[in-house]
Amino acid sequence: MSRIKVLPPELIAKIAAGEVIERPASVVKELVENSIDAGARRITIDIEKGGKKLIRVSDDGSGMGREDSIRSFDRHATSKLSRLEELFAIRTLGFRGEALAAIASVAHVRLVTRPPEENEATEVRAENGKVLDAKAASRPAGTTVEVRDLFHNVPARRKFMKGDNVETDHILNVLTSYGLARPDIGFQVTADGRETLSLRPTESLGERVAEVYGVQTFRELLPVKGLCREGPASYEEYPLERCIVSGYISRPSLNKGRASQVYFFLNGRWFYDRLLNHALLEAYGALLPAGRYPVAVLDLEMNPSLVDVNVHPAKTEVRFADEGRVHAAVVDAVRSALATAESQPHGIPGRVLEPLPFKLKAPAPKVETGAVQRTITGLTAPPPPTAEPGKGLPEVTILGQAHNLYILGQTKEGIVIIDQHAANERVNYERLSEQFFGGKVKSQTLLQPRTLELSAREKRILETHPQVFERLGYGVDDFGGKSCVLKAVPVVGGTALSPESLRDVIGELMETSGRPGAVSDAVTDKALKLMACHESVRAGEKLELAELRELVAQLYRAQDPYSCPHGRPTIIHMTRKQLEAKFGRS
Ligand code: ADP
Ligand code: MG
């Protein structure tokens, strides 16, 4: 008897569905793509419980007649492709004919659709990959697809879904992407009954970008101009050697801890590409601090015959016939946008080269200055005042500072070199953690509350974890719409963080998982590290001897003085023996 069996069709369908539908955001992506392909001008998306309970996408597109509405649930049923060659001239986002079949095999689906030329709509219900029934219904021209209880019949997949907030964030990311890909389409999104994202149709990408990220952020962006804006009307007419890159990138001063606001589109299709992320960073080069990412919305236009869009069942990646050329086109376009910015300074001189957006430091509160004064008088005797024995740190006399970065000191056994930035980060980080876990980070009320514009994703993070932000020292008031009012900011090492730092902290929290309102310690820890780093004494700051001593004394009092919160060493000790060996004195 043969041991090899052909799998039952239902199982095959579920396995195939797994490739296309990984999480609620995949469903949203497929349905929105279908609406865009149907020529919709307005798309409405409602989700409940991170899309796990309900996803409903309605459009005013071309709709389907009775027969098509039933057939659309068949696997490999599509109206968008009939011959293989067409794959390389594809104008639609879909072409595999898999999405509706896949969704229907892992959720309860109800589709109501009507083409403009017909009077009657059709309602189709599908389950376990099969159409249950189809009946007459009524609705304006267009299509609504309702997907309930995703993965109700695939317990293994259900386990892989994250908390509602995380899934909602993934969905908002998909919708933001398509919002940026198609400024001409209106998007209306509600999550658990609350309006979460609302984008009016517009003809200009700039306007859409401003709508998504707020005007404040938009002002920090530079246009990337395609080489031939009035180019050919259809992609097929693009000269083969051309790859036109256009869109917006941020000035180097606006940067993020992760690449979550980097978007690439190819002929209107959102895709992910490591190579192009790399090209983007390469173009910025040293203008961006290490480990930081810009905001970028970049649209690539090229002849579709040079791109394979069918490399991934979820269509999230593409393959270029000539990767090198596309890479170079992105580097060139971004560099020339940055160069233009440098030649036209933007308000504050030198701003373009400023590594972090947290330039404006509020003056240190008076009390702190007093504290420093007191320490100075206490430090006339050879330091350190509190080199705790048992930690293995050598007693040190501070000699001075080198390169406005390294603190040099003499010990009984040799010399030490301390990285002042790393040391300050360590001190700040421990102080912040102590305050945070003991209740709340110290904060300072702003004389003038500051209004910050946030993206829908950022706003949601803020709304779902109000207590966390409160404990981190941010006093935030909801201001409705896209903005929030910041009334207080954390004080780190005697310096108030800039209001803008809130965005970066939100960025850290975007990766949270778990229950609403709960953020893991690991995540808050990352936020604390970020805060500790922002206002630390930076490399390049001249410090007085007393300040150097105070910093070293603080470092010596730290729980873990040997490394900064990111793991870099803070202190190098060279014994006299080692020095003697080096100088050949032994
Ligand atoms: P694909 O998009 O790859 O063709 P799908 O399974 O997503 O495959 O959809 C199957 C077909 O159903 C599409 O080719 C299209 O003809 C039709 N369809 C799906 N959604 C819509 C919609 N919102 N409006 C009009 N037609 C739709
Ligand atoms: Mg589709």
Side-chain angles (χ1 to χ4, degrees), residues 257 289-292 355-356 358 361 364-365 368-369 371-376 378-379 381-436 441-442 490-497 501 525-575 578:
R292 306 284 301 177
L356 284 172
F358 309 106
K361 282 193 191 179
E368 293 288 324
T369 334
V372 173
Q373 289 301 317
R374 242 178 295 124
T375 338
I376 293 170
L379 274 178
T386 46
E388 279 169 31
K391 275 208 175 140
L393 284 167
E395 251 188 55
V396 59
T397 310
I398 302 304
L399 303 174
Q401 191 189 28
H403 299 295
N404 291 348
L405 167 59
Y406 300 110
I407 306 172
L408 306 179
Q410 177 182 325
T411 65
K412 213 159 92 198
E413 282 307 309
I415 59 168
V416 290
I417 307 171
I418 294 168
D419 180 320
Q420 74 184 35
H421 179 60
N424 201 24
E425 266 182 38
R426 163 56 59 188
V427 169
N428 283 344
Y429 167 65
E430 290 196 4
R431 213 179 265 165
L432 280 172
S433 305
E434 213 177 281
Q435 293 172 1
F436 181 83
V441 169
K442 262 208 311 200
V491 177
V492 181
T495 305
L497 292 196
S501 65
D525 191 54
K526 279 189 353 200
L528 291 167
K529 284 176 180 168
L530 186 87
M531 288 161 61
C533 164
H534 271 159
E535 293 300 327
S536 296
V537 177
R538 251 167 261 138
E541 205 160 309
K542 175 111 191 83
L543 295 181
E544 297 303 323
L545 197 57
E547 292 174 302
L548 295 173
R549 284 179 185 148
E550 173 58 16
L551 180 53
V552 174
Q554 288 174 349
L555 178 69
Y556 271 42
R557 273 185 248 125
Q559 294 283 332
D560 175 13
Y562 301 101
S563 64
C564 84
H566 305 107
R568 285 193 299 116
T570 48
I571 182 162
I572 295 173
H573 190 207
M574 284 187 98
T575 60
Q578 285 167 326

* Report yes or no: does Arg426 contribute a side-chain atom to a donor-acceptor pair with the main-chain N or O of Asp560 at less than 3.5 Å? => yes
* Find the distance between CD1 (Ile571) and OG (Ser563) and round it off to the nearest 0.5 Å. => 11.5 Å
* Is there a side-chain contact between Met531 and Pro490 (heavy atoms, below 4.5 Å)? -> yes
* Got a donor-acceptor contact below 3.5 angstrom from the Thr570 side chain to the Tyr562 backbone? -> yes
* To do: Name all pairs fulfilling the salt bridge (Lys or Arg N to Asp or Glu O under 4.0 Å) condition that reach into residues 397-412, sequence neighbours left out, sorted by first residue then second.
  => none
* Closest non-hydrogen atom pair between Gly409 and Val396, with its separation -> CA-CG2, 3.7 Å
* With rounding to the nearest 0.5 Å, note down the distance linking CD in Glu541 to CG in Asn404. => 8.5 Å
* To do: Test Gln554 against Arg431 for side chain to side chain contact (heavy atoms under 4.5 Å, CB included), laying out the working first.
  => CA-CA 10 Å; Gln554 288 174 349; Arg431 213 179 265 165; 3.2 Å; yes
* Trace of the side chain to side chain contact (heavy atoms under 4.5 Å, CB included) decision for Leu555 with Ile418 -> CA-CA 10 Å; Leu555 178 69; Ile418 294 168; 4.1 Å; yes
* Measure across Pro569 and Ala422 and return the closest heavy-atom pair with its distance rounded to 0.1 Å. => O-CB, 3.9 Å
* **Partners meeting side chain to side chain contact (heavy atoms under 4.5 Å, CB included) with Ser433 (sequence neighbours left out)** => Tyr429, Phe437, Leu528
* Test side chain to side chain contact (heavy atoms under 4.5 Å, CB included) applied to Gln410 - qualifying residues, sequence neighbours left out -> Leu399
* Taking side-chain hydrogen bond (donor to acceptor under 3.5 Å, both in side chains) as the test, write out the residues that go with Glu544, two or more places apart. => none
* **Heavy-atom pair with the smallest gap, counting every atom of Ala558 and Pro561** => O-CD, 3.6 Å
* Contact summary for Val441 and Val491, nearest pair of heavy atoms -> CG1-O, 4.4 Å
* Asked: Can you tell me how far CD of Glu395 sits from OH of Tyr556, rounded to the nearest 0.5 angstrom?
  -> 8.5 Å
* To do: For Glu430 and Gln559, indicate whether the former's side chain and the latter's backbone hold a donor-acceptor pair under 3.5 Å.
  => yes
* Just wondering, do Leu405 and Asp419 contact through their side chains at under 4.5 Å, heavy atoms? -> yes
* Under the side chain to side chain contact (heavy atoms under 4.5 Å, CB included) rule, collect the residues that match up with Leu548, sequence neighbours excluded. => Ile398, Gln401, Ile407, Gln420, Leu543, Leu545
* **side chain to side chain contact (heavy atoms under 4.5 Å, CB included) partners of Glu413, counting only residues at least two apart** => Thr411, His573
* side chain to side chain contact (heavy atoms under 4.5 Å, CB included) between Cys533 and His566, intermediate numbers included -> CA-CA 9 Å; Cys533 164; His566 305 107; 4.0 Å; yes
* To do: Look at atom CD of Gln578 and say whether more than 12 heavy atoms of other residues, nucleotides or ligands are closer to it than 6.0 Å.
  => yes
* To do: Not counting sequence neighbours, which residues clear side-chain hydrogen bond (donor to acceptor under 3.5 Å, both in side chains) with Gln435? List them please.
  => none
* Structure fact -> So OG1 of Thr397 and CD1 of Ile415: to nearest 0.5 Å the spacing works out to 13.0 Å
